[in-house]
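Structure first, then comments.
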Amino acid sequence: MTVQEGSISVVGAGTMGNGIAHVFAQQGFTVNLIDVSQQQLDKAVNAISKNLDRQVTKGTITIDQKSMTLSNISTFSLLADGVKSSQLVIEAATENTDLKLSIFRQIDEAAPQNCILATNTSSISITKIASVTKRPGSVIGMHFMNPVPIMKLVEVINGFATNKEVTAEIVSLSRQLGKTPCVVNDYPGFIANRILMPMINEAIYSLYEGVAGVEEIDTIMKLGMAHPMGPLQLADFIGLDVCLSILNVLHEGFGNPKYAPCPLLINMVSAGKTGIKSGEGFYSYSGDTRELVVSKRFT
Ligand SMILES: NC(=O)c1ccc[n+]([C@@H]2O[C@H](COP(=O)([O-])OP(=O)(O)OC[C@H]3O[C@@H](n4cnc5c(N)ncnc54)[C@H](O)[C@@H]3O)[C@@H](O)[C@H]2O)c1
């Protein structure tokens, strides 16, 4: 079983979906980009075009490569039309278990029998998603990082029933995209978020307990551990609501109190302070300046 060029579908045209479509199209695959919202599809194509412009300006691709990449992408608002002749579908829709189960039932009905079904979920069990299809051996996690065209990692997650040939195919495809795949097994948070989220939670606990301020915590992790951004800034970037929801998955999945989300994180999400997307988290994003400004609440 090989995924031939010209046979990729991406379900969900948000932040991740447009990045995934971009990297496949740039490698010569014809991509069917699918979303329930026409507005999101238009926005995605626009975002891909702007990101390609940036690559042209940097000299990493030519104008012709930009045109070729864009011409490889078609958009669909009906899922069945977009997946009916695909050999690989990558689902990157909103992180909601019921929604993803429903999407996988539909893809399973509409996609060809030999099609691999991958999900970009950050935290939902691959095994659970596979269980609603008639082909659990062909269901796998393909966890890209944000921003997709820039980040090198693909966390490849084997569900309980994933076939070895399917894993090998996804590993090989990830390399073809210029990415570095790492294969892991399906347990809560996989590896990336199982290690990242407790670190972010601990940073929030340190702030909550008054051990240090926002700038100190982030500066210590940047200068002391060579992290490109501190854990509190990263939490703002990911979205505090997303961090909370992944910590809840870890807490419930392992039943271990060490994963319990910090009460400050819960409070901030309840108050709508979810980070960059809301204009405020540990930092404030209301000004024009690109300089990081610690939120008034924490000064
Ligand atoms: N944003 C990140 O940093 C990041 C990183 C890694 C993984 N992920 C995962 O990627 C997935 C997508 O996240 P995102 O940040 O791109 O979300 P997003 O909110 O930007 O986009 C989700 C898209 O899914 C679409 N959608 C909803 N229901 C649909 C349906 N039934 N059919 C087709 N499309 C539908 C929405 O219209 C929207 O365009 C999630 O599973 C998330 O956990 C996100």
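In this chain, numbering begins with 1 at the start of the sequence shown. Atoms within each ligand, like the ligands themselves, are counted from 1 in listed order. Note that the coordinates shown come from a computational prediction; the quantities given were computed from them, not determined experimentally.
Listed by first then second residue, pairs satisfying side-chain hydrogen bond (donor to acceptor under 3.5 Å, both in side chains) with a partner in residues 206-218 read Asp218-Tyr283, not counting sequence neighbours.
A search for side chain to side chain contact (heavy atoms under 4.5 Å, CB included) contacts involving Leu70 returns Ile48, Ser49, Leu52, Lys66, not counting sequence neighbours. The ring pair (Phe, Tyr, Trp, His ring centres under 6.0 Å) check on Tyr187 picks up nothing, with sequence neighbours excluded.
Asn18 and Ala47 get closest at one heavy-atom pair: ND2-CB, 4.0 Å. A pairwise comparison of heavy atoms in Ala203 and Pro231 identifies CB-CG, 3.6 Å as the closest pair.
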Asp241 and Lys277: salt bridge (charged side-chain N to carboxylate O under 4.0 Å, His left out), yes or no, with the steps? CA-CA 10 Å; Asp241 51 339; Lys277 63 186 163 193; 2.9 Å; yes
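Every protein residue with a heavy atom nearer than 4.0 Å to ligand 1 is included here: Val11, Gly12, Ala13, Gly14, Thr15, Met16, Asp35, Val36, Gln40, Ala92, Ala93, Thr94, Glu95, Leu99, Lys100, Ile103, Asn120, Thr121, Ser122, His143, Phe144, Asn146.
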